[in-house]
Amino acid sequence: MDFKAIQDKWQKRWEEKKIFKVKENSKKKKFYVLEMFPYPSASYLHMGHVRNYTMGDVVARFKRMQGFNVLYPMGYDSFGLPAENAAKKAGIHPKEYTENAITNIMAYQKALGNSYDWDRVLATHRPEYYKWNQYFFIKLFEKGLAYRGEAPVNFCDSCNTVLANEEVEAGKCWRCGTEVTTKSLSQWFLKTTAYTEELLNDIDKLDWSDKIKEIQRNWIGKSHGTIINFTIDGKVWPVFTTRSDTVFGVTFMVISAQHPKLKELVKGTKEETSVMAFSEKCKKARSREEIEELGKEGAFTGKYAVNPITNDKIPVWAGNFVLAEYGSGMVMAVPTHDQRDFEFAKKYSLPLKVVIQPKNKQLKESEMSEAYTEEGILVNSGQFNNIENKTAIEKITDYIESKNLGKRTVNYKIRDWLISRQRYWGTPIPMIYCEKCGIVPVPEKELPLLLPEDVSFTEKGNPMLTSKKFQNVKCPKCGAKARRETDTMGGFMDSSWYFMRYCSPKEKKTAFSKESVDYWMPVDQYIGGIEHAVGHLIYSRFFTKALRDMGLLKCDEPFNALFNQGIVYRDGKKMSKSAGNAVMQDEIVKDYGIDTARLFLMFVASPEKEMEWSSAGIEGSFRIVHKLISLFEDKPKGNGTKDKLIISKMHRTIKEVTAGIEGFRFNNSIIALMEYVNYLHREKENISEKVWNKALETVCVLASPFMPHICEECWEKLGNKPFVSLEKWPSFDEKKIDLKAEAIEQIADNVASDIRKVLELAKIEKPAKITLFTANKWKYELVEQVKKLNTRNAGEIIKSVMQTSLKQHGQDVMKIVPKLAEKLPEFVFEKKEEEKALKDSAAALEKEFNCKIEIVDAEKSTQQKAKQAMPAKPAILAE
RNA sequence: GCGGGGGUGCCAGAGCGGUCAAAUGGGAUGGGCUUAGGACCCAUUAGCUUAGUGCUUUCGCAGGUUCGAAUCCUGUCCCCCGCACCA
């Protein structure tokens, strides 16, 4: 079979007939399948991509065949730094670079034969798309959900731009790996924190893996605590703590070295210069290694705070270990009961005061070598002494609230979404700064605000700054001279709503039609890498909720079910072109065809697990494909003795394949399919034409999501009209799955092969008569018969017969404990049924061996002998 | 440190209370086919043992629940992956 020709043939036909084109259809239930859209930098596909896309395609095809109206689109996340860097390096305009990359990658994707609706393709760098980024930005601005604010932000010197928290991994830039530094800059933010509670609570509604749900919960990082109002110089400094039970043990305060109000605090003190120098130092490098090396560092601010509960006056320090952006950016330090505070206190010889005593020992400040963080009883805590510390948290907080010294509160780790980027290849932020009117949005009718063309990529810094024409504008409100924002939006803006654009991609007047979005959304099955756990997957959730509240759509969550596929490795490393270990789509297609690659990728491991690419494995899959195809090359006219069994197995196979796809266990689906294919091969001779055809049709339909091209071809070969891709997915009838019958048939089956073997080994060509003995002992008799042959091979004959057949026989099955026998009646065989199995197959056997078959009740005829020879009943049966 | 996921036969990888010495593929060994190789087909692939069979050991390690455990519980060791000075 010429796989290449078949692929081309069917891909062409699918495209010509537009069979995967969809539109809204209120009569059909919708199903939206989506893979995370790719960044089109690399103009090739390797097996990692193919694995991802194949999963989506399997689901899409399956659901389509089940009668769902399936939306399955593809597009390109085409803004971003790589295109801009390529432009810098090679002197190509990012737009040209990007369009080329899209053309290339799309050709590769089309060659996969996935059932995308290619009429819906989109690319985020095109003005008809990013216009709506700008529109949404203005709407968010109007709602107060987009704002400009000064905050300590992450800055990557190499990329020369600020980064969102979600783009910093272990203190390094996610893209280039450069150390991220902190700067205090004025930037645009989207207020994700306005939806914190909803983002957290709705996680429970999602059909996502526990792992990724947990990552999101951690990222949101909700914690209950208390705000306690300390005072410094009469001014209130609220401090967040989860351990209000230790408030009597506070011996100093630590303010973050990067706290925006630090400068104000130390102004005019003699410590000012040294503290500010320390602060500057802390703003540099934040890599994990360096922090661990440095340890905790601090500087005394010269100020004292008053503990509102005890009225103690305690020193205020600036410290490198306190995060400016979490809580209040300042902590109350309880060195006896917090390890970090303990280390800091030891280093700077600050006092310790125990306020929680464990039950079994006595803590002494002078003897402590680490903080005591377990539970215990309060001491040195005034009226709260002798209370368990867990209870004390509540009691002390109640007291604080009653005296108006603070309040209960909830704190989150999640920050607002920093969206500005000082880069060119992104959506221009549609804002204008006017000296009189302040920040003014670009009027809607002027959208899209296009990226300027007259920019230079060779200078350092943001290329946008090189276009004076772009920057100098008139204020839309007052007409005075004004300056346009030169920052662009980070790429996560683009990917936060692309799945909605797919619903009505050609819409010109709005970002999407409400009608189509309300029909298609949410995405029923989203598939992509886990690396987007806190970036894209949080932003998209936020965006959906924000758009919902603007009345643009109905759903609360964008992605109902999410599946994170495993990575494809080769030689133990992640497959990538730069690592030189990528297996490319085209080389595999050349040797094996894309269907073999799909089969292998779906078959070798559970979809969520990482898998190792192996060339031996792909060979194996190639064989499987061949085996399946060769079924369709036969047209046997069998006798039909195995028809019943084939039907039973067919229903079982349908059941298993269906369950496999539904549960994202594609590997198990394929195994079930293979077992059926093998069985059909073996039983070719014993299947009637009608059943054979039915069986092959079923195989063809069941296999089609995995190897669509080959199945179309086989489908045609069977004389069916195209397309198998549009066939109805078969349903199974549990009643037709007859395990008992299958097992009985198996017995009869084994008998035949035993006979064959015996004849062969004994070198008997034409037996005059074959006697079969029923029940457990028939084989015993058989042995006796073989012995009588007096042949040299007797031992060998008997052994091979016994090995293959007795395992299946009654005796093993009867081992089931009697108690459970009632529950599992199908596992207990009665002699009658065995006899029946033999009788049923007798005719076929007579024909095959061309002699008379006699069936004898071994129970009667050989009881005596059998009793002597057989071991006693298994002990368990005697009970 | 916190959180998540794992440890299965030569390898990969299913199974997740009884049809489990454990699917499926790969590999290995033997046999068939073939001028030969490849492809294909068949058998074997924990150990001992029998004519059938039986027994022992095996699903990281140690216990427990159960008539019965790879599967459930407890402890323990190891591995991988997130987050991480979050007050």
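All chains are named by letter (A, B, ...) in the order of the sequence lines, taking the proteins before the strands, and each is independently numbered beginning at 1.
- Checking B/rG13, B/rU24, B/rC41 against the side-chain heavy atoms of A/Ser606 singles out B/rG13 as nearest.
- For the pair A/Lys649 and A/Tyr676, the NZ or CZ position fails the cation-pi test of under 6.0 Å to the six-membered ring centre and within 45 degrees of the ring normal.
- Across all strands shown, B/rG82 forms a Watson-Crick or G-U wobble pair, both distances under 3.5 Å, with B/rC2.
- Atom pair A/Arg623:CZ and B/rC42:C1' shows a separation of 15 Å (rounding to whole Å applied).
- A/Thr226 contributes no side-chain N or O that, together with a main-chain N or O of A/Ile228, makes up a donor-acceptor pair within less than 3.5 Å.
- Distances were taken from every side-chain heavy atom of A/Val331 (C-beta onward) to each of B/rG25, B/rA12, B/rA87; the shortest belongs to B/rA87.
- Residue contacts shown for A/Gln339 are absent, as no nucleic acid heavy atom lies under 4.0 Å away.
- Between B/rA14, B/rG4, B/rG82, one nucleotide has an atom nearer to the side chain of A/Glu214 than all others, and that is B/rG4.
- Although no hydrogens or angles enter the test, the distance criterion places a donor-acceptor pair under 3.5 Å between the side chain of A/Thr241 and the main chain of A/Arg243.
- Between A/Trp317 atom CH2 and B/rC85 atom P the separation is 22 Å, expressed in whole Å.
- A/Glu343 places its CD atom 9 Å from the C1' atom of B/rC85, with the value rounded to the nearest Å.
- Whole-Å rounding puts the A/Trp613 CH2 to B/rC11 P distance at 23 Å.
- The backbone N or O of A/Glu297 lies less than 3.5 Å from a partner atom in the side chain of A/Asn320, making a donor-acceptor pair.
- Spacing between B/rA23 and B/rU45 at atom P, rounded to whole Å, works out to 11 Å.
- In this structure, A/Phe603 reaches the sugar-phosphate backbone alone: every heavy-atom distance under 4.0 Å involves primed, P, OP1 or OP2 atoms, never a base.
- One can place CG of A/Leu628 at 14 Å from P of B/rG25, the figure rounded to the nearest angstrom.
- Checking B/rU45 for Watson-Crick or G-U wobble geometry (two distances, each under 3.5 Å) identifies B/rG27 as its partner.
- Nearest nucleotide to the A/Ala605 side chain, out of B/rG25, B/rA23, B/rG13: B/rG13.
- Closest approach to the A/Ile671 side chain among B/rC85, B/rU24, B/rG5 is made by B/rU24 (side chain taken as heavy atoms from C-beta onward).
- A/Ser630 and A/His681 share a donor-acceptor pair across their side chains, judged by distance under 3.5 Å alone.
- Counting any heavy atom pair closer than 4.0 Å across all strands shown, A/Arg217 reaches no nucleic acid atom.
- Here B/rC85 is the nucleotide among B/rC85, B/rC81, B/rA87 with the atom lying nearest to any side-chain atom of A/Lys296.
- Take the nearest nucleotide of RNA chain B for A/Asn668 and for A/Glu675: the residue whose nucleotide is more 5' is A/Asn668.
- Comparing B/rG82, B/rA87, B/rC83 against the side chain of A/Ile215 picks out B/rG82 as the nearest.
- Between A/Leu599 atom CG and B/rG25 atom P there is a gap of 12 Å when expressed in whole angstrom units.
- Pairing for B/rU58 is absent, with no Watson-Crick or G-U wobble pair whose two atom distances lie under 3.5 Å.
- A/Lys213 comes within 4.0 angstrom of no nucleic acid atom, judged by non-hydrogen atoms across all strands.
- Rounded to an integer number of Å, the gap from A/Ile530 CD1 to B/rC81 C1' is 8 Å.
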